[in-house]
Number of protein chains: 2
Amino acid sequence: MSKSVALPPIVMPARDEITVEGVLRALADPVRLAIVRQLAAAGHEIACGGLTVPVTKSTLTHHLSILRQAGVVSGRQEGTTRFNSLRRKDLDALFPGLLDGVLAAPR
Amino acid sequence: MSKSVALPPIVMPARDEITVEGVLRALADPVRLAIVRQLAAAGHEIACGGLTVPVTKSTLTHHLSILRQAGVVSGRQEGTTRFNSLRRKDLDALFPGLLDGVLAAPR
DNA sequence: GTCGTAGTTCGACAGTCACCGTACTACGCC
DNA sequence: GGCGTAGTACGGTGACTGTCGAACTACGAC
């Protein structure tokens, strides 16, 4: 068949589609919080494989999909690699201080 | 028996016992978020019965206990009434901007 | 073309969680 | 004393969620 569905188109909510509850839910997990911290600390996008998390690939995919759907991270495809980055601007615009407060946390 | 256990002593974590993840988890629920919003909007403590939530009493007790254990709300006993208030100072000190970011959310 | 790598999808499973109704304790008032 | 109110404790249930392994697609290099 010619219909090469390709990898999923990476769904991302628009800025005004992002809800506080969704963001909080996305951040309320140790693995996802670790991902966000790494992205914030790096300051640039990171490929899935470049993230250090104590779970298998499939679970990591699951967490990244939740973070993406919540509007916390954005994805960019390049070949078979998927780069993830924090949607800092959108989050800061919608919930000023939230992300900084979370990242400033001692633990 | 003479051992009147009385109502539970209202456990509350010390400031340095509060974790980001616990707070995020506590806020990541529509009912609890509504409670926090009401407490923040009021600016003063509110009794359990004074909170407007679409759940039964026992469920409300459950949510308040979670908020208390997470360090988001504090409780004060007075007779049979239990007054709840937001631990603004502690939260702002630990995670500056977090609470404001959540409350500033459009929805 | 073949192989290896990057990442997703699909069950399946165990643990957690929100919710409720009922029973209970504690206080205040009559 | 008895009664009503405020809130908690307990037991149970259905739904969600994090986790994994295995199978799959897509790209790049040889």
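Lettering of chains follows the sequences in order, A, B, ..., and the numbering in each one begins at 1.
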Checklist entry - Base, sugar-phosphate, or nothing for R68(B), non-hydrogen atoms under 4.0 angstrom? => result sugar-phosphate
Can you measure [X] atom [atom1] to [N] atom [atom2] for me and round it to whole angstrom units?
{"X": "L60(A)", "N": "dC20(D)", "atom1": "CG", "atom2": "P", "result": "11 Å"}
{"X": "L67(B)", "N": "dT8(D)", "atom1": "CG", "atom2": "P", "result": "12 Å"}
{"X": "L27(A)", "N": "dG18(D)", "atom1": "CG", "atom2": "P", "result": "12 Å"}
{"X": "L24(B)", "N": "dT17(D)", "atom1": "CG", "atom2": "C1'", "result": "17 Å"}
{"X": "I46(A)", "N": "dG7(C)", "atom1": "CD1", "atom2": "P", "result": "12 Å"}

Show me the side-chain donor-acceptor pairs of residues 44-52 of chain B shorter than 3.5 Å, one per line, residues at least two apart or across chains.
| unit_1 | atom_1 | unit_2 | atom_2 | d |
| --- | --- | --- | --- | --- |
| E45(B) | OE1 | R76(B) | NE | 3.3 |
| E45(B) | OE2 | R76(B) | NE | 3.3 |
| E45(B) | OE2 | R76(B) | NH2 | 2.4 |

Expected list for residues 61-68 of chain A: side-chain donor-acceptor pairs under 3.5 angstrom, two or more places apart:
| unit_1 | atom_1 | unit_2 | atom_2 | d |
| --- | --- | --- | --- | --- |
| T61(A) | OG1 | K57(A) | O | 3.1 |
| H63(A) | ND1 | R32(A) | NH1 | 3.1 |
| S65(A) | OG | Q69(A) | NE2 | 3.4 |

Listing, residues 88-105 of chain B side-chain donor-acceptor contacts under 3.5 Å, not counting sequence neighbours, or none:
| unit_1 | atom_1 | unit_2 | atom_2 | d |
| --- | --- | --- | --- | --- |
| R88(B) | NH2 | D100(B) | OD1 | 2.9 |
| D90(B) | OD1 | R15(B) | NE | 2.6 |
| D90(B) | OD1 | R15(B) | NH2 | 2.8 |
| D90(B) | OD2 | R87(B) | NE | 3.1 |
| D90(B) | OD2 | R87(B) | NH2 | 2.9 |

Next on the checklist: Restricting to side chain to side chain contact (heavy atoms under 4.5 Å, CB included), what partner residues turn up for A41(B), sequence neighbours left out?
Outcome noted: none
Next on the checklist: For T81(B), give me all partners under side chain to side chain donor-acceptor pair (under 3.5 Å), at least two apart in sequence or on another chain.
Outcome noted: none
Checklist outcome for this item: With sequence neighbours left out, the residues meeting side chain to side chain donor-acceptor pair (under 3.5 Å) with S58(B) are T56(B)
Item to check | DNA chain D: 5'-proximal contact among E78(A) and N84(B) (nearest heavy atom) | outcome: N84(B)
Please write out the pairs of protein N or O atoms and N or O atoms of nucleotides 2-6 of chain D separated by less than 3.5 Å, giving the distance to one decimal.
| unit_1 | atom_1 | unit_2 | atom_2 | d |
| --- | --- | --- | --- | --- |
| dA6(D) | O4' | T80(B) | OG1 | 3.2 |

Next on the checklist: Suppose the criterion is salt bridge (charged side-chain N to carboxylate O under 4.0 Å, His left out): which pairs have a residue in residues 18-31 of chain B, not counting sequence neighbours?
Outcome noted: E21(B)-R25(B)
Restricting to nitrogen or oxygen on both sides, can you table the protein-nucleotides 15-21 of chain C pairs closer than 3.5 Å?
| unit_1 | atom_1 | unit_2 | atom_2 | d |
| --- | --- | --- | --- | --- |
| dA18(C) | OP1 | R32(B) | NH1 | 3.0 |
| dA18(C) | OP1 | R32(B) | NH2 | 2.7 |
| dA18(C) | OP2 | H62(B) | NE2 | 3.1 |
| dC19(C) | OP2 | H63(B) | NE2 | 2.3 |
| dC20(C) | OP2 | T56(B) | N | 3.0 |
| dC20(C) | OP2 | T56(B) | OG1 | 3.4 |
| dC20(C) | OP2 | T59(B) | OG1 | 3.2 |
| dG21(C) | N7 | S58(B) | OG | 3.4 |
| dG21(C) | O6 | S58(B) | OG | 3.0 |

Next on the checklist: Please give me the minimum heavy-atom distance between N84(B) and L39(B), naming the atom from each residue.
Outcome noted: O-CD2, 3.4 Å
